[in-house]
Amino acid sequence: MENQFFKNLEKKTGVNMNDVFELANSLQNANFKDEQTVRGVIKRVSQIANKPVSKEMEDKIVQSIIKDGKQLDFGTISKMINKK
């Protein structure tokens, strides 16, 4: 990763940008109507952000995405995780 912006972002957040890019690539063709896929994404975001997600919170996020039709993106999940 050559871009200084991303290097600075990594230093400030502690989040590896390569992990974020890999996650973003994996989301492109993912089926977000599938509960198992959504749970996998939530777990991956939790790992990348180094924020544990309780089973109860995971269930709420899954409910929100699958049943309520919220958009699934890193920002949405991150906001939900940080509401704890």
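Note: hydrogens, waters and symmetry copies are ignored here, and every other heavy atom, side chains too, is used.
In terms of heavy atoms, P52 sits closest to S46 at CA-OG, 3.7 Å. Taking each heavy atom of K33 and N31 in turn, the nearest pair found is N-OD1, 3.0 Å.
Partners of N8 by side chain to side chain donor-acceptor pair (under 3.5 Å), not counting sequence neighbours, listed by chain and number: Q4. R39 meets the side chain to side chain donor-acceptor pair (under 3.5 Å) test with E35, E58, D59; sequence neighbours excluded. Residues satisfying the side-chain contact (heavy atoms from CB on, under 4.5 Å) test with E56, not counting sequence neighbours, are S54, K60. Qualifying side-chain contact (heavy atoms from CB on, under 4.5 Å) partners for A30, counting only residues two or more places apart in sequence or in other chains: F32, T37. Judged as a side chain to side chain donor-acceptor pair (under 3.5 Å), and not counting sequence neighbours, the contacts of Q47 are R44. Contacts of N50 classified as side-chain contact (heavy atoms from CB on, under 4.5 Å), with partners at least two apart in sequence or in another chain: none.
V45 is not listed as a side-chain neighbour of K43, based on a closest heavy-atom distance of 4.5 Å or more.
In this structure, the separation between CG on D19 and CD1 on I48 is 5.0 Å, given to the nearest 0.5 Å. Taking CG of N18 as the reference point, atom CD of E10 lies at 6.5 Å (rounded to 0.5 Å).
Annotation for K55: atom NZ counts as buried by contact number, over 12 foreign heavy atoms lying within 6.0 Å.
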